[in-house]
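In what follows, a single structure is set out as structure tokens and then discussed.
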Amino acid sequence: MHKIGWKEWVCLPELGLKSVKAKIDTGARTSALHTFEIEPKTRRGRDYIRFRIHPLQHNNELVVEHEALIKDRRIVRDSGGHEEERYVIETPLQIGDLQFPIELTLTNREDMLFRMLLGRTALKAGKLMVNPAATYLSGKRFKPARKPR
């Protein structure tokens, strides 16, 4: 098991995001990423989603645009009990020196403190254990990734 804190810097290399501050949320099943201007598209019989991202908190000037295959659409209930249908993509996540695939739902988190939530399913996939009293146990700089054991 790889230990992490309740907030960590993560990398989403296929999305072009080198540093995103993520809240580790053991109460959430699914991971979520702050996105906006979400546009579904079909190309050569495959469904894609185009979206824009503000990867850094308190910085709406930095924008990353990306496109990914749609894996699914799901109804997600937030902590307030509100339901929202969200697109789901699959992408590698790097945390510290580990890299593994996760599912991410795309949603507007503009008013939230963290641009990303890392949920239970991703924690299990990466064999991660959370120390709720610690932060940034994986550091702020990324090393070459290795596969979880």
Side-chain angles (χ1 to χ4, degrees), residues 1-39 49-149:
M1 282 285 199
H2 185 82
K3 290 184 181 177
I4 61 173
W6 73 268
K7 62 180 173 179
E8 292 287 345
W9 286 97
V10 301
C11 175
L12 299 166
E14 285 189 4
L15 301 183
L17 301 175
K18 294 183 180 182
S19 292
V20 177
K21 195 185 300 183
K23 178 181 179 189
I24 312 308
D25 189 349
T26 59
R29 180 183 323 151
T30 312
S31 299
L33 179 66
H34 167 65
T35 57
F36 62 100
E37 294 180 14
I38 300 169
E39 296 177 50
I49 191 82
R50 176 172 286 225
F51 52 93
R52 300 180 83 188
I53 308 162
H54 293 304
L56 300 176
Q57 288 175 268
H58 315 298
N59 181 343
N60 288 340
E61 291 184 24
L62 177 61
V63 177
V64 176
E65 191 169 314
H66 196 73
E67 186 173 272
L69 274 171
I70 297 172
K71 182 172 184 176
D72 198 5
R73 286 172 73 166
R74 296 187 192 140
I75 302 293
V76 176
R77 187 175 304 128
D78 67 17
S79 58
H82 304 99
E83 292 183 344
E84 175 187 33
E85 184 175 45
R86 297 183 189 172
Y87 289 98
V88 180
I89 64 169
E90 186 172 273
T91 191
L93 170 91
Q94 184 175 341
I95 185 165
D97 62 351
L98 295 177
Q99 184 171 317
F100 51 93
I102 66 165
E103 289 185 347
L104 272 177
T105 64
L106 307 179
T107 187
N108 188 319
R109 297 183 50 80
E110 189 70 37
D111 297 329
M112 306 303 245
L113 266 176
F114 292 86
R115 298 297 187 184
M116 183 173 168
L117 287 183
L118 197 61
R120 291 189 310 267
T121 305
L123 297 175
K124 186 176 179 182
K127 299 179 183 170
L128 303 173
M129 183 169 52
V130 182
N131 177 345
T135 59
Y136 307 119
L137 293 180
S138 295
K140 290 188 181 182
R141 299 196 180 226
F142 295 101
K143 305 168 201 157
R146 64 179 171 84
K147 304 266 185 207
R149 292 183 205 147

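Reckoned from all heavy atoms, side chains included, excluding hydrogens, waters and symmetry mates.
- Residues Met116 and Val10 have side chains in contact (heavy-atom distance under 4.5 Å, counting atoms from C-beta outward).
- Nearest heavy atom pair, residue Pro55 against residue Leu17, reads CB-CD2, 3.6 Å.
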Starting from the C-alpha separation in whole Å, work towards a yes-or-no answer on side chain to side chain contact (heavy atoms under 4.5 Å, CB included) for Ile49 and Ile38. CA-CA 7 Å; Ile49 191 82; Ile38 300 169; 3.2 Å; yes
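- A 4.5 Å side-chain heavy-atom check between Ile89 and Lys71 finds every atom pair outside the cut-off.
- Under the side-chain hydrogen bond (donor to acceptor under 3.5 Å, both in side chains) criterion, Thr91 pairs with no residue, sequence neighbours left out.
- Minimum interatomic distance between Glu8 and Tyr136 (heavy atoms only, all atoms of both residues): OE1-CA, 3.2 Å.
- Looking at heavy atoms from C-beta onward, Pro92 lies out of side-chain contact with Leu12 at the 4.5 angstrom threshold.
- Panel note: side chain Thr105, backbone Ser31; a donor-acceptor pair is recorded below 3.5 Å.
- Atom NZ of Lys3 is separated from atom CG of Asn131 by 7.0 Å, given to the nearest 0.5 angstrom.
- Under the 4.0 Å criterion applied to side-chain N and carboxylate O atoms, Glu39 and Arg50 are not assigned as salt-bridge partners.
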Verdict with reasoning, Val20 to Ile53, per side chain to side chain contact (heavy atoms under 4.5 Å, CB included): CA-CA 11 Å; Val20 177; Ile53 308 162; over 6 Å; no
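- Among residues two or more places apart in sequence or in another chain, the salt bridge (Lys or Arg N to Asp or Glu O under 4.0 Å) test is passed with Glu14 by none.
- The distance from the CE atom of Met1 to the CG atom of Leu128 is 8.0 Å, given to the nearest 0.5 Å.
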Run the side chain to side chain contact (heavy atoms under 4.5 Å, CB included) test on His34 and Leu106 for me, step by step, so that the C-alpha distance in whole Å, both residues' side-chain angles and the decisive distance to 0.1 Å come before the verdict. CA-CA 6 Å; His34 167 65; Leu106 307 179; over 6 Å; no
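- Between Leu117 and Thr30 there is no side-chain heavy-atom pair separated by less than 4.5 Å.
- To the nearest 0.5 Å, the span separating NZ on Lys23 from OG1 on Thr135 amounts to 14.0 Å.
- In this structure, the separation between OH on Tyr87 and OG1 on Thr107 is 12.5 Å, given to the nearest 0.5 Å.
- Residues forming a salt bridge (Lys or Arg N to Asp or Glu O under 4.0 Å) with Glu61 (at least two apart in sequence, or on another chain): none.
- A donor-acceptor pair under 3.5 Å is absent between the side-chain atoms of Glu67 and the main chain of Phe51, judged by distance alone.
- Between Glu90 and Leu104, the closest side-chain pair of non-hydrogen atoms is not below 4.5 Å.
- Listed by chain and residue number, Asp72, Glu103 satisfy the side-chain hydrogen bond (donor to acceptor under 3.5 Å, both in side chains) test with Arg74 (two or more places apart in sequence, or in another chain).
- At least one side-chain heavy atom of Leu93 sits under 4.5 Å from a side-chain heavy atom of Phe100.
- Distance check, rounded to the nearest 0.5 Å: CD of Glu84 to CD1 of Ile75 gives 9.0 Å.
- His54 and Phe36 have parallel rings, their planes meeting at less than 30° on a 0 to 90° scale where 60° marks the start of perpendicular.
- The shortest heavy-atom contact between Arg109 and Leu33 is CD-C, 4.2 Å.
- Atom OG of Ser138 and atom CD1 of Ile95 lie 4.5 Å apart (nearest 0.5 Å).
- With sequence neighbours left out, Arg115 forms a salt bridge (Lys or Arg N to Asp or Glu O under 4.0 Å) with Glu110.
- When side chains are defined from C-beta on, Pro13 counts as touching Gln99, because their heavy atoms get closer than 4.5 Å.
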Expected list for residues 118-125: side-chain donor-acceptor pairs under 3.5 angstrom, two or more places apart:
unit_1	atom_1	unit_2	atom_2	d
Arg120	NH1	Thr26	O	3.3
Arg120	NH1	Gly27	O	3.2
Thr121	OG1	Arg29	O	3.0

